[in-house]
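Here the structure comes first, spelled out in structure tokens, and everything after it is commentary.
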There are 2 protein chains.
Amino acid sequence: MKIGELAKRSGLSAHTIRYYERIGLLPYADRDGSSQRDYDAAILIWIAFLRRLKATGMPIREMLLYAELRSRGPATEPERRVLLEQHRNRVGEHIADLQANLLVLDAKISGYAGAEKGTDHHDTGTPNDGRKPTGKRQAGTR
Amino acid sequence: MKIGELAKRSGLSAHTIRYYERIGLLPYADRDGSSQRDYDAAILIWIAFLRRLKATGMPIREMLLYAELRSRGPATEPERRVLLEQHRNRVGEHIADLQANLLVLDAKISGYAGAEKGTDHHDTGTPNDGRKPTGKRQAGTR
DNA sequence: GCTTGACTGAGAGTGCACTCGAACCCGTAG
DNA sequence: CTACGGGTTCGAGTGCACTCTCAGTCAAGC
């Protein structure tokens with residue numbers, strides 16, 4: 001499989017695939033006679049895993065660390081497990097955080113509930129909510 | 001309250017506060033005799049709200065839109081509500097996504113369970129080539 | 001033979017959200 | 001008086017993760 005097809009199948013752009021190879025996230029790909037990358041379908045599973053790490057907010061640095069450990073063979077598995085566990089815990093915290101914020105957001109939205117117009121009685125955080133004809137010299141494109 | 005104290009109390013740096021004012025996320029602050037910013041404590045509530053939006057991944061562009069609507073007074077409340085609702089929905093989706101990925105991550109970690117040795121040279125996503133599980137996991141630290 | 005389109009490596013550019021530095025001003029304590 | 005610990009503006013720099021441009025190569029099809 002050439003880079004174009006891998007791009008389609010993996011959801012990464014060809015640019016990104018080359019970039020990942022360059023920085024070491026993807027193994028250096030075999031080249032065919034024309035020095036074009038030729039991929040085995042197995043790489044898709046690794047890419048899917050990388051995408052999952054990325055989707056959960058792991059920085060590339062850490063993915064690199066994981067990739068490096070992996071390339072060093074099975075002896076690094078305990079380290080990899082630790083890495084993944086730490087990441088999982090961070091993700092768990094992040095989710096909890098998001099959920100807490102979601103609750104507050106919902107409360108705020110309820111404050112706006114059905115309000116077609118008028119009183120902003122519930123908006124606790126509006127020091128300047130349209131009560132003064134502020135000469136707005138802000139937000140400019142300067 | 002001067003910028004230094006607001007920084008301490010709000011958790012933003014003084015740099016960031018000035019930056020937010022510059023782009024319009026914070027209202028142009030009144031200046032005292034020495035043209036130093038002098039803040040009312042009420043601004044803290046607005047900043048806390050901004051931090052919540054940020055924590056849930058709202059881009060600054062959208063916060064700016066919200067801030068602008070807010071500055072236009074109560075008439076824009078329906079729009080603000082819509083904005084917040086859309087954002088809430090996106091956050092909900094994001095949480096669901098993270099949770100799904102967390103499950104897969106947990107499965108992967110379980111695969112590493114006791115992790116002593118094996119033949120995991122080509123990590124195809126499931127490093128488990130049939131080793132005994134030890135079920136030793138530290139869940140939800142903190 | 002020539003065009004087309006996918007590929008190559010290297011490196012520059014992008015967008016986001018800050019973050020920092022430089023050069024200056026200002027009020028108070030010692 | 002002088003040092004200090006704040007403050008001011010403006011513009012440049014940072015880190016991340018791509019994303020794109022460029023000049024060139026190559027195989028296949030007309």
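Model, not experiment: these values are computed from the prediction. Lettering follows sequence order; numbering is per chain, from 1.
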Which nucleotide wins on minimum distance to the side chain of B:Ile3, given the candidates C:dC7, D:dG7, C:dC18? D:dG7
Distance below 4.0 Å between A:Ser34 side-chain N/O and D:dA27 OP1 or OP2: yes
Contact between A:Leu12 and A:Arg51 at the side-chain level, heavy atoms closer than 4.5 Å - yes or no? yes
Separation of A:Ile47 atom CD1 from D:dC18 atom C1', in whole Å? 15 Å
Expressed as a whole number of angstroms, how long is the span from B:Asp32:CG to C:dC25:P? 17 Å
So what does A:Arg37 hit on the nucleic acid, given a heavy-atom distance under 4.0 Å: a base, only sugar-phosphate, or nothing? sugar-phosphate
Assign each of A:Thr16 and B:Lys8 the nucleotide of DNA chain D bearing its closest heavy atom; nearer the 5' end lies the nucleotide of B:Lys8
Is any side-chain N or O of B:Lys54 closer than 4.0 Å to OP1 or OP2 of C:dC18? yes
Tell me whether the OP1 or OP2 atom of C:dC26 has a side-chain N or O from B:Arg31 closer than 4.0 Å. no
Before accepting this row, confirm whether a basic side-chain N of the pair B:Arg31/B:Asp38 lies closer than 4.0 Å to the acidic partner's carboxylate O. no
Proximity to the side chain of B:Tyr20 - top-ranked nucleotide from C:dC18, D:dG11, C:dG11: C:dC18
Does A:Arg70 come within less than 4.0 Å of A:Glu77, counting only side-chain N to carboxylate O? no
Quickly work out the A:Ile17 CD1 to C:dA6 C1' distance and round it to whole Å. 13 Å
If you check the B:Gln36 side chain, which of D:dG6, D:dA17, C:dT8 turns out closest? D:dG6
Looking only at side-chain N and O atoms, does A:Arg22 come under 4.0 Å of OP1 or OP2 in C:dA10? no
Looking at the side chain of A:His15, which of D:dT21, D:dC18, C:dG9 is the nearest nucleotide? D:dT21
Protein-nucleotide distance (B:Ile60, atom CD1; C:dT19, atom P), rounded to Å: 11 Å
Rounded interatomic separation in angstrom, taking OH from A:Tyr19 and P from C:dA10: 16 Å
Indicate, with a heavy-atom threshold strictly under 4.0 Å, whether B:Arg61 touches base, sugar-phosphate, or nothing. sugar-phosphate
Starting from P on C:dG9, measure out to CD1 on A:Ile23 and report it in whole angstrom. 15 Å
Tell me, do A:Val91 and B:Asn101 make a side-chain contact under 4.5 Å, heavy atoms counted? no
Rounded at 0.5 Å granularity, tell me how far CD1 in B:Ile95 sits from CG in A:Leu102. 5.0 Å
On DNA chain C, check which nucleotide each of B:Gly33 and B:Pro59 is closest to and give me the residue with the more 5' one. B:Pro59
Find the distance between CG (A:Leu65) and CE (A:Met58) and round it off to the nearest 0.5 Å. 8.5 Å
Atom-to-atom span, CZ of B:Arg18 to P of C:dT19 - whole angstrom: 14 Å
Rounded distance in Å - CD (B:Glu5) to P (D:dG5): 18 Å
Compare side-chain N and O positions of B:Ser35 against OP1 and OP2 of C:dC25 and report whether any pair is under 4.0 Å apart. no
